[in-house]
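Everything on this sheet refers to the single structure shown next.
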Amino acid sequence: MGVALRPLIADYKESLAWDQLGGTAAIDAYNALYQFLSGIRQPDGTPLMDDEGRITSHLSGLLFRTANLVEKNITPVYVFDGKPPAFKEATLAERRVIRENAKESWERAVKEGDEDSARKYAMASSKVDAFITDSSKELLTALGIPWIQAPEEGEAQSAYMAAAGDVTYAVSQDYDSLLFGTPKLLRNLTVSGKRRLHGKYVPVYPERLILAEVLNGLEMTQVELIASALLIGTDYNSGVKGVGPKTAVKLVREGKFAERIVESENAADPEELIRYFLDPPVEKNYTIAKKAPVQEKVFEILCEQHGFSEDRVSAGLERLGAKKGQATLDSWF
DNA sequence: TCAAGATG
DNA sequence: CATCTTGAC
């Protein structure tokens with residue numbers, strides 16, 4: 001989600017240059033992996049695959065994006081989702097339906113030779129499944145990049161770590177971590193700096209949101225921001241019909257939250273949802289330590305198992321700070 | 001030097 | 001999404 005919240009915080013977005021962003025960044029792994037899976041595809045929508053038909057789009061994306069971040073003095077920590085809270089079920093079910101329909105539409109578009117539609121539907125059929133997350137964790141470990149398993153929502157975990165001062169930012173295209181109280185949120189942390197929008201390429205810059213500025217600007221407390229989001233609709237509730245960002249803020253200011261939120265379809269009591277945003281389950285015992293890449297392991301995973309070219313992998317490793325000439329695949333033979 | 005296109 | 005090659009300027 002996050003889209004619903006967008007108009008509320010639009011005024012507080014700040015475009016930044018890469019050299020202003022150094023620090024440690026808790027990256028929403030689900031969000032990043034979904035981007036790789038949906039974006040790294042051939043024109044007809046087929047994802048990158050090894051010769052056994054296993055998807056490798058996410059591994060390519062992880063290697064190169066991570067290399068870029070490290071080069072720009074940003075230490076990434078990937079945060080993986082755990083078990084979703086029960087009240088997210090309706091949203092997850094809805095996503096499943098959209099995904100399955102998209103898969104059918106993709107197959108139809110391929111048959112009809114409509115490449116543009118094929119790619120669009122292929123993107124929407126992307127699924128971050130156990131293979132995707134397991135293989136990502138394995139690669140990150142080999143790359144020496146820290147990752148953390150959240151007990152429930154990754155966004156909640158990132159927000160906790162940012163609030164605790166253990167990371168500088170939470171990174172996600174979604175805005176949820178603001179509801180979970182992350183002090184700083186980064187978006188658009190891609191390197192290409194360009195994104196396709198209605199067929200044209202438009203420049204994109206890293207974007208920073210500071211929660212305190214949002215709250216000051218809206219003259220709201222954290223609870224009031226959460227209340228506004230609940231009126232608009234979140235992953236955990238449907239929102240109130242006819243209530244958008246403007247009305248939501250107005251209602252909250254007028255003290256009409258409790259009165260109106262009953263019109264929203266909630267799987268949980270609104271008070272319970274507010275408590276969840278304020279104090280979600282998080283892992284508090286973690287260490288964030290970037291290590292040197294284990295080069296042999298990286299080559300084993302990417303080149304031997306998944307058919308990546310050795311040149312590309314070496315280039316990526318070098319940018320990750322691996323020493324050249326140190327045990328590479330060649331030295332094994 | 002840079003954008004388009006092919007490739008992973 | 002990201003890189004590498006190519007070709008126009």
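Keep in mind that what you see is a predicted model, and the values were worked out from it rather than measured. Letters A, B, ... are given to chains in the order of the sequence lines, protein chains preceding strands, and every chain is numbered from 1.
- In this structure, the CG atom of A:Leu37 is 13 Å from the P atom of C:dA2, given to the nearest Å.
- Residue A:Leu48 places its side chain closer to B:dG8 than to any other of C:dT3, C:dC1, B:dG8.
- Residue A:Arg119 has no polar side-chain atom (N or O) positioned under 4.0 Å from OP1 or OP2 of C:dC1.
- Taking a cutoff of 4.0 Å between a charged side-chain nitrogen and a carboxylate oxygen, A:Arg96 and A:Glu89 qualify as a salt bridge.
- Between the CD1 atom of A:Ile40 and the P atom of C:dC1 there is a distance of 8 Å, rounded to whole Å.
- Across the protein-nucleic acid pair, A:His58 atom NE2 and B:dG8 atom P stand 18 Å apart, rounded to whole Å.
- One finds a side-chain N or O of A:Asn68 lying less than 4.0 angstrom from the OP1 or OP2 phosphate oxygen of C:dT3.
- By the 6.0 Å and 45° rule, A:Arg41 stacks over the aromatic ring of A:Trp106.
- In this structure, A:Gln42 places its CD atom 14 Å from C1' of C:dC1, rounding to the nearest Å.
- The distance between the ring centers of A:Phe80 and A:Tyr30 does not fall below 6.0 angstrom.
- Computed from coordinates, the A:Trp18 CH2 to C:dA2 C1' distance equals 12 Å when rounded to whole Å.
- Here the side chain of A:Arg319 is nearest to one of C:dC4, C:dC1, C:dT3, namely C:dT3.
- The number of heavy-atom neighbours closer than 6.0 Å to NZ of A:Lys72, taken from other residues, nucleotides and ligands shown, is above 12.
- To the nearest angstrom, P of C:dC4 lies 9 Å from CG of A:Asp311.
- Using a 4.0 Å cut-off between charged nitrogen and carboxylate oxygen, A:Glu152 and A:Lys83 do not count as a salt-bridge pair.
- Considering only side-chain N and O atoms, A:Arg41 lies nowhere under 4.0 angstrom from the phosphate OP1 or OP2 of C:dC1.
- Spacing between atom CG of A:Leu63 and atom C1' of C:dA2 amounts to 10 Å, rounded to whole angstrom units.
- A:Arg312 comes within 4.0 angstrom of a nucleotide base, judged by non-hydrogen atoms across all strands.
- To the nearest angstrom, P of C:dA2 lies 17 Å from CG of A:Leu317.
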